[in-house]
Enquirer: 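Have a look at the structure that comes next, please.
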Amino acid sequence: MKLGKRFLSWMLGRRLQNVLIASFALIAVLAGGLNTLVISREINGYLVNAQAERMTRDMDLANGLYQQKLNDVLSISQFVALDTQTIDQMSAAFNGDWQGVRAIGQVTNRMITAPILDGTRMILVLDTQGNVLTGNVRPESGQIVLPNAAGNWNQIPLVAAAIASGQPLSGTEVISADYLAQVGLDKLAMIHPATAPTTQNLYDPREGTAALALVGLYPLKDASGGLVGEVLTAYLFNNDFTLVDYAKNFAKIETMTIFLGDMRVSTSILDQSNSRAVGTLVSRDVFQEVIGQGQDYVGRSFAVNDWYIGTYEPLRDLGGNIVGMLYVGVRESIFATLIHTFNAQAITIGIICIFIAGVIAIPISRWITHPIDRLVEANRRLAKGDMDVRVESDGNGEIALLSRSFNDMMETLQNTEKELLHQAKLASMGQLAAGVAHELNNPLGTILLFADILQKEAAEDDPRKNDLKMIIDEGYRCKNIVANLLNFARQQEVLAQETDIHALLEDVIRKVSSRPKYEKVKIESSYSPDLPVIQADPSQLQQVFFNLFNNSVDAMPDGGKISILSRPLDERSVEIRVSDNGSGIPAEALDKLYTPFFTTKPAGKGTGLGLSIVYGIIKLHRGQINIQSNIGTGTTVIITLPVRLPDTHATQTIS
């Protein structure tokens, strides 16, 4: 443990490039090994899912083919029952007329050879007692056999149910050897067990002699709707591989098996002699779950001579009794080969990835450390006082973000430095203005007093009267300048209170609209209904907007429009924009607008203190002011104010 810590400390103390190369190599080894392990497990999981999906798909197809075969059986019975020749000869045939029986036999003979149903099948015409009237049998070999007309099939449950209901019925049925012997199929259906089981260890004692079949019955009715008989069609699974071979060749189901009880009677699985594995029994674990408990079995099982991944489902007769099973599966060796192949490929890919990671570690480490070196050099220049230093920032990565953050910091430092210098200048100007205003105020008052007395005492035709008026006007102009100087010097206190900006703006608009120079000016407002009440000094904000409106009007001597917009920026601040379509401000003058006594107005039209006062008031409110202007298109003043001041007392002093 201590050795590991010492090694880690030693590594982290090296140059970053060496640390990165070593880290890349270590990460490549760990990532490669972990990647190989994860990929192998993912592939195994994928193949397990693929197995399950394959089994579900195969069983769905097998059930579909099984049901289609059952539908075909019932369709054959329906075709025979509804054939016009059958209907015409039905009455004569069931009354013992040999010609009528022969005519219906011709119908069954045609349908037994129809391509709709292949494999070992039979068609029987029964009366209402279950006695065979006529019919045909066709083994898979293709030879047609006439059944014994003396047989009675009423003891078969499906036949008895169809006669009793008079409705079409179909389903899976076990046909015993006695009935098979009547139609000559007993030997064809016989299956010799692969082992020598006794009747005690067979699920159904009839296994080996009886046949599992799909049976469909369609009623024969006379003109009045009375039942006179049934047409029975059956397809036998025993030793017939039509369905399982079709499933393998066309539906791509690798193996499919039909069980009578627990014995295979039709299968595509081959035994060791390369013959069909009919007569073999299902494994005991599958038997107990499917036949014993009536549940589906999905998973690994041993079938005949190999392990399979498969699905078993119980087959039930009309009464719901389990009479056999339906199975689909894939040899386990196929999936095992896939898993082995995928694992080998995953290991190979992991080794290649480790090699590639090692090869590209050096250039990547250099690419990472190069911008860091630039940042280090920039910091050294900054420490020496170079405020113009900047770092290149390409892309959107962390290093690029760090470079841009450094550049933003430099911009902020420069702006802060300028603002501090400006504030220091304003403070000095404020002290100077306060002193000058104090010294000038009393002499100006005296001059105005005596000038006013002299003007009143002068005769109307006295030529000095106009000179005295000029002295008074210029004196008042000086007095206004002094008043502005005092206002500029007194920006030290904010008498904070809850202030509705919209109401304050409307009050200012109402007051200025009555002035003569606003006659040709249209004031439009667009207020946000979500603007909150803020903490501010209303009288100082009124002075801000008075000054801004006056500046806009002065920029529009021929009239124009002032637009006011308000909106909340977030939960902590609001924004007010005052725009005009006046003459605009030159770009070179934008940085000097807040400097005391700087003005873009003609001589005698402004003192250059209005925006300085506005700037000071906004800064006292912990706000921001920004001016955007273009020559000929107008000016927009953007003011941002906080919703709550840092100190929520009624009176706040900010130096």
Side-chain angles (χ1 to χ4, degrees), residues 44-76 116-119 121 169-173 212-216 235-238 240-270 276-278 282-283 285-304 306-318 320-336 338-339:
N44 290 341
Y46 170 79
L47 291 178
V48 169
N49 293 333
Q51 289 176 3
E53 292 176 0
R54 173 71 181 271
M55 293 303 99
T56 301
R57 171 256 184 196
D58 286 356
M59 181 53 74
D60 289 342
L61 286 174
N63 279 320
L65 294 174
Y66 192 92
Q67 185 62 43
Q68 182 61 46
K69 204 74 165 178
L70 188 60
N71 294 339
D72 293 343
V73 167
L74 183 60
S75 296
I76 292 293
I116 191 174
L117 187 66
D118 51 7
R121 66 266 194 197
L169 287 179
S170 62
T172 305
E173 192 62 81
L212 186 71
L214 297 178
V215 179
Y235 166 75
L236 277 62
F237 287 111
N238 289 37
D240 183 277
F241 312 113
T242 305
L243 182 61
V244 296
D245 287 347
Y246 182 86
K248 181 175 183 179
N249 297 328
F250 295 97
K252 304 305 178 183
I253 299 175
E254 184 179 349
T255 58
M256 179 177 175
T257 301
I258 308 295
F259 289 84
L260 170 57
D262 57 350
M263 179 183 288
R264 293 178 177 86
V265 295
S266 178
T267 183
S268 56
I269 298 177
L270 303 179
R276 304 281 181 158
V278 294
V282 75
S283 60
D285 52 346
V286 176
F287 172 84
Q288 292 172 359
E289 187 163 346
V290 180
I291 295 181
Q293 301 179 19
Q295 303 292 325
D296 294 349
Y297 179 93
V298 180
R300 186 170 181 262
S301 62
F302 189 81
V304 184
D306 205 349
W307 285 97
Y308 288 80
I309 304 296
T311 301
Y312 295 80
E313 288 186 358
L315 295 175
R316 301 177 186 271
D317 61 12
L318 184 66
N321 303 308
I322 297 177
V323 295
M325 292 182 293
L326 175 63
Y327 160 79
V328 294
V330 179
R331 283 174 296 171
E332 187 182 49
S333 58
I334 295 177
F335 286 106
L338 287 174
I339 291 175

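Since the structure is predicted, the reported quantities are computational estimates derived from the model, not experimental observations.
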Enquirer: Among residues at least two apart in sequence or on other chains, which ones pass side-chain hydrogen bond (donor to acceptor under 3.5 Å, both in side chains) with Tyr312?
Expert: Ser301
Enquirer: Could I get the full list of side-chain hydrogen bond (donor to acceptor under 3.5 Å, both in side chains) partners for Gln295, not counting sequence neighbours?
Expert: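 So Gln295 forms no side-chain hydrogen bond (donor to acceptor under 3.5 Å, both in side chains) with any residue.
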Enquirer: Could you give me the CA-CA distance, side-chain angles and deciding distance for Met256 and Leu243, then say whether side chain to side chain contact (heavy atoms under 4.5 Å, CB included) is met?
Expert: CA-CA 9 Å; Met256 179 177 175; Leu243 182 61; 4.0 Å; yes
Enquirer: Is Val282 close to Tyr327 at the side-chain level, that is, under 4.5 Å between some pair of heavy atoms?
Expert: no
Enquirer: Tell me every residue that passes ring pair (Phe, Tyr, Trp, His ring centres under 6.0 Å) with Tyr246, counting only those two or more places apart in sequence or in another chain.
Expert: Phe250
Enquirer: Restricting to non-hydrogen atoms, name the atom on Val290 and the atom on Ile322 that form the minimum distance, rounded to 0.1 Å.
Expert: O-CD1, 3.7 Å
Enquirer: Who pairs with Thr172 by side-chain contact (heavy atoms from CB on, under 4.5 Å), at least two apart in sequence or on another chain?
Expert: Tyr66, Leu212, Leu214, Val323
Enquirer: Do the non-hydrogen side-chain atoms of Asp118 and Lys69 ever get within less than 4.5 Å of each other?
Expert: yes
Enquirer: If every non-hydrogen atom of Ile269 is compared with every non-hydrogen atom of Ala303, which pair is closest and at what distance?
Expert: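 Looking at all heavy atoms of both residues, the closest pair is CD1-CB, 4.2 Å.
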Enquirer: Walk me through whether Met59 and Leu326 qualify under side chain to side chain contact (heavy atoms under 4.5 Å, CB included).
Expert: CA-CA 9 Å; Met59 181 53 74; Leu326 175 63; 4.0 Å; yes
Enquirer: Could you tell me if the side chain of Asp72 sits less than 4.5 Å from the side chain of Gln68, heavy atoms only?
Expert: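 Yes. Closest side-chain heavy atoms under 4.5 Å.
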Enquirer: For Val330 and Glu254, work out which heavy atoms get closest and say how close.
Expert: CG1-OE1, 2.9 Å
Enquirer: Should Arg57 and Lys252 count as side-chain neighbours, where that means a heavy-atom distance under 4.5 Å?
Expert: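 Arg57 reaches Lys252 side chain to side chain.
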Enquirer: Nearest heavy-atom pair of Phe241 and Thr267: which atoms, and what distance?
Expert: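 Closest approach of Phe241 to Thr267: CD2-O, 3.7 Å.
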Enquirer: Tell me, please, which residues at least two apart from Asn63 pass side-chain hydrogen bond (donor to acceptor under 3.5 Å, both in side chains).
Expert: Glu313
Enquirer: Which heavy atom of Val278 sits nearest to which heavy atom of Ser266, and what is that distance?
Expert: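 Reported closest heavy-atom pair: CG1-N, 4.1 Å.
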Enquirer: State whether the side chain of Asn321 and the backbone N or O of Asp317 hold a donor-acceptor pair below 3.5 Å, judged by distance alone.
Expert: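 Judged by distance alone, no pair lies under 3.5 Å.
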Enquirer: Can you give me the closest heavy-atom contact between Leu61 and Ala251, atom names plus distance?
Expert: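 For Leu61 versus Ala251, the nearest heavy atoms are CD1-O, 3.7 Å.
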Enquirer: A side-chain contact here means heavy atoms from C-beta on lying under 4.5 Å apart; do Ile309 and Arg54 qualify?
Expert: no
Enquirer: Applying side-chain hydrogen bond (donor to acceptor under 3.5 Å, both in side chains), can you list everything that pairs with Ser268, at least two apart in sequence or on another chain?
Expert: none
Enquirer: Here's a test for you: under side chain to side chain contact (heavy atoms under 4.5 Å, CB included), which of Ile258, Leu260, Val244, Thr242 qualifies with Phe237?
Expert: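 For Phe237, the side chain to side chain contact (heavy atoms under 4.5 Å, CB included) check succeeds only for Ile258.
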